[in-house]
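Heads up: the structure comes next, in structure tokens.
All figures in this text were calculated on a predicted structure; none of them were measured in a lab. Note that the numbering runs from 1 along the sequence shown for the chain.
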Amino acid sequence: MKKKRRIVFPIISALIVIAAAAVLGRIVSRYIPSNKWMEQQEYFDVQGEETALIMQDQLVRYKGLLRDERLYLEHEAVQEYLNKRFYWDESADLFLFTTPTELYEIPLESKEYTVNDEKKTEEYVIAFQEGDLRYLDAEFVKKFTFMEYDLLEEPNRAVIRYEKEPQTAAEMKKSTSVRFQGGIKSPILTKVSKGDVVMIVDVMEDWTKVLTKDGYLGYVRNNTLGEQSQTTLEIPDFKEPVYTSLTQDEKINLVWHQVTNADANDSLKSDISEVEGVNVISPTWFSIIDNEGNISSLADKEYVTTAHKSGMQVWGLIDNFNTAVDTETVLSSMSARKNIQDQLIEEALKYKLDGINIDFETIPESAGDDYIQFIREMSIKCRVNEIILSVDNPVPQPYTAHYDREEQGIVADYVIIMGYDEHYAGSDVGSVATMDFVTNGVNDTVAQVPSNKVINAIPFYVRIWNTDSEGNISSEAVSMAAAKNAVEEAGAEIVWDESAGQDYAQWTGSDGSLYQVWLENDKSVEARAKLVQEYELGGIAGWKLGLEEPSVWNIILKYIS
């Protein structure tokens, strides 16, 4: 028995030692940094002429190409990160680029291009297409863009900087590995040495994401980072384009005048007989009538003369309301856009118009780039001819972001908010424009557009809602006076609707229908007119002439004088 015990004891001891060694090994292994390197080609995901693009502080999905020792950038990358004014026109097979006064036309696979129809030449091919992708020469883009870049090879990658805000840099206080993710077991991307400068991207508890000078985005331990400082990108040779505006010194007090036939022009003098303080009238004279960009016109010289004698500028309005017109087809066609623009300028000069008002509505998201390109091109022609350009917009909503109000605020003279149609024919019952709806529209617009360029448009009309005994809903748009008369005739009580910021009335008709109305009146107009002062707006507008009570004009004047 003793002999057996002597044999078993060493075996157990050996097993314990082995188990302890295994546990210790696992513990040691857990805390030993990995020496595994990530394949560079795998990290940058490039091959052949492909070039990875590091845009400021992110490795993006877009690629560049190295061709003839020049860097070419994927067009969508240019638009998204660098300069959205490089626009591809499928209809003309051209890149277009706009400045305040020039239109560049850049064909593929060519060293030649035109600027306002004048031929220019570079020493390199400016743009080309490969497969479904189109590319632009980086140096050509750089001529018009606040950017600089470093081109690195093996593998190909370009580190592109364009951010104007200060960035945080740090000097390494010790040499270390830069890892793919935050953790010692993550593979190594590159090494940095003591004294190297990295850009701080994101700081976590133990690790910091950095951008190295050789274009790697990875993680280092916080304790390897030394002194930090702010650095601002400066490009002395670059000059930002200057977009001059014809923004007026006085506040705009605009009213739209719906003109549906030539005879309606003759009534202008009587239509404005009770108007006070209006300095801009916008007649609905122009409309796109086909997909080639031809327009109809009701412009009238006598009308303009009468308006000018009454102290009013004339901003002719053009709409896209013709049902025979496909807005996306028109806007995506270079020739159709040019046709509209040339006709408008010709009419403006012929009839001595002071401005053009663009009222293109329900623009599909797929036509967003085409729409803003139209506005850019129109702004060039208006600027050169000293014609004021204003653009009508719905109240900002996520689904109208493609209207690109920020760009409108740069290239156009005025951006108008159509602060109505919160509820409309076919919608649920409600106010044409509650105060929250209007205020939010102003607040969201001035976040993107200089406030002195923003005009807040208010409704002069009211909807009387009818809900019949079966729950069917209909509505009728009427003037301020007609709505007031309907309430009085029904003997309905007017109460204040706090949530809408308006007077409200309801009554039951003889047919059992429920009638509801949120009134537009002196109180609602004054509340909205106050926003001009509160937000230092460029002015106010009203839709439309003839629907207002005469008393509103003096109320508006209190807040725009």
Side-chain angles (χ1 to χ4, degrees), residues 252-256 359-363 390-406 408-409 414-449 451 453-465 467 473-480 483-484 494-506 516-544 547-549 552 555-556 559-560:
I252 298 298
N253 186 6
L254 178 150
V255 66
W256 281 288
D359 187 25
F360 292 172
E361 300 186 19
T362 59
I363 305 292
S390 61
V391 187
D392 301 339
N393 290 266
V395 167
Q397 301 288 353
Y399 55 83
T400 63
H402 58 280
Y403 281 64
D404 199 345
R405 294 163 181 83
E406 181 179 7
Q408 288 184 37
Y414 287 101
V415 174
I416 300 178
I417 314 165
M418 297 183 291
Y420 36 79
D421 282 344
E422 179 180 5
H423 297 91
Y424 49 88
S427 78
D428 293 337
V429 174
S431 167
V432 167
T434 62
M435 269 308 296
D436 281 349
F437 177 78
V438 175
T439 303
N440 290 340
V442 171
N443 191 61
D444 292 345
T445 302
V446 298
Q448 302 176 72
V449 180
S451 60
K453 283 189 163 191
V454 175
I455 296 174
N456 184 37
I458 66 176
F460 288 160
Y461 67 96
V462 180
R463 283 199 174 274
I464 300 178
W465 295 90
T467 304
I473 298 171
S474 60
S475 68
E476 179 185 7
V478 300
S479 68
M480 289 182 175
K484 180 181 177 182
I494 295 175
V495 297
W496 179 252
D497 182 343
E498 188 66 37
S499 62
Q502 287 175 279
D503 282 331
Y504 168 79
Q506 69 176 50
Q516 296 169 276
V517 60
W518 284 262
L519 294 168
E520 298 297 341
N521 52 25
D522 290 358
K523 288 166 68 176
S524 65
V525 168
E526 183 160 23
R528 291 157 189 172
K530 286 180 179 178
L531 297 176
V532 176
Q533 289 186 349
E534 182 179 342
Y535 286 88
E536 299 181 344
L537 303 181
I540 194 168
W543 177 266
K544 62 180 180 171
L547 297 182
E548 78 286 357
E549 292 270 36
V552 304
I555 291 172
I556 291 172
Y559 299 97
I560 66 166

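- To the nearest 0.5 Å, atom CD1 of residue Ile363 and atom CG of residue Asp404 are 13.0 Å apart.
- With a 4.5 Å cut-off on side-chain heavy atoms, Trp543 and Pro459 do not count as touching.
- Counting all heavy atoms, side chain and backbone alike, Ala483 lies closest to Leu519 at CB-CD2, 3.9 Å.
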ask   = Checking side chain to side chain donor-acceptor pair (under 3.5 Å) for the pair Tyr559/Glu526: CA distance, chi angles, key distance, verdict?
value = CA-CA 8 Å; Tyr559 299 97; Glu526 183 160 23; 2.5 Å; yes
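- Checked by atom type and distance alone, the side chain of Gln502 never pairs as donor or acceptor with a backbone atom of Ser431 at under 3.5 Å.
- The closest side-chain heavy-atom distance from Lys544 to Tyr461 is not below 4.5 Å.
- No side-chain N or O of Glu549 forms a donor-acceptor pair with one of Asn521 less than 3.5 Å apart.
- Side-chain atoms of Ile540 and Ile252, non-hydrogen and from C-beta on, never get closer than 4.5 Å to each other.
- Of the possible donor and acceptor atoms, none in the side chain of Tyr414 sits under 3.5 Å from a partner among the backbone N and O of Gly409.
- Taking CD1 from Ile555 and CD from Glu548, the interatomic distance works out to 12.0 Å, rounded to the nearest 0.5 Å.
- In terms of heavy atoms, Val395 sits closest to Gly419 at CG2-CA, 3.8 Å.
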From CA spacing to verdict: side-chain contact (heavy atoms from CB on, under 4.5 Å), Arg463, Trp518 = CA-CA 7 Å; Arg463 283 199 174 274; Trp518 284 262; over 6 Å; no
Residues Tyr504, Val517; criterion side-chain contact (heavy atoms from CB on, under 4.5 Å); working and verdict = CA-CA 6 Å; Tyr504 168 79; Val517 60; 6.0 Å; no
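- The distance from atom NZ of Lys484 to atom CD1 of Ile494, rounded to the nearest 0.5 Å, is 8.0 Å.
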ask   = Stepwise, does the side-chain contact (heavy atoms from CB on, under 4.5 Å) test hold for Asn456 with Ile417?
value = CA-CA 5 Å; Asn456 184 37; Ile417 314 165; 4.2 Å; yes
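- Listed by chain and number, the residues in a salt bridge (charged side-chain N to carboxylate O under 4.0 Å, His left out) with Arg528 are Glu520 (sequence neighbours excluded).
- A donor-acceptor contact shorter than 3.5 Å is absent between the side chain of Thr400 and the backbone of Pro396.
- Using bins of under 30°, 30° to 60° and over 60° for the plane-to-plane angle, the ring pair Tyr420/Trp256 lands in the perpendicular bin.
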inquiry  = For a side-chain contact (heavy atoms from CB on, under 4.5 Å) check, start with the C-alpha distance between Asn393 and Ile416, then their side-chain angles and the critical distance, and finish with the verdict.
reply    = CA-CA 6 Å; Asn393 290 266; Ile416 300 178; 5.8 Å; no
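- Applying the salt bridge (charged side-chain N to carboxylate O under 4.0 Å, His left out) test to residues at least two apart or on different chains, none of the pairs has a partner in residues 419-443.
- One distance of note links CG of Leu531 with CG of Leu537; it measures 7.0 Å at 0.5 Å rounding.
- Interatomic distance, Thr439 OG1 to Asp444 CG, rounded to the nearest 0.5 Å: 10.5 Å.
- More than 12 heavy atoms of other shown residues, nucleotides or ligands fall within 6.0 angstrom of atom NZ in Lys453.
- Of all non-hydrogen atoms in Trp465 and Gly430, the two that sit nearest each other are NE1-O, 2.9 Å.
- In this structure, Phe437 has no ring-ring contact (aromatic ring centres under 6.0 Å, His included) partners at least two apart in sequence or on a different chain.
- Atom CE of Met418 and atom CD1 of Ile458 lie 15.0 Å apart (nearest 0.5 Å).
- Residues passing the salt bridge (charged side-chain N to carboxylate O under 4.0 Å, His left out) test with Lys523, sequence neighbours excluded: Asp503.
- Counting only heavy atoms from C-beta outward, the side chains of Ile455 and Val415 never approach each other to under 4.5 Å.
- Glu476 pairs by the salt bridge (charged side-chain N to carboxylate O under 4.0 Å, His left out) definition with nothing, not counting sequence neighbours.
- Side-chain atoms of His423 never come within 3.5 Å of backbone atoms of Thr434 as a donor-acceptor pair (strictly under, hydrogens ignored).
- Under the side-chain contact (heavy atoms from CB on, under 4.5 Å) criterion, Asn443 pairs with Tyr535, not counting sequence neighbours.
- The two residues Ser427 and Ile473 make their nearest non-hydrogen contact at O-CG2, 4.4 Å.
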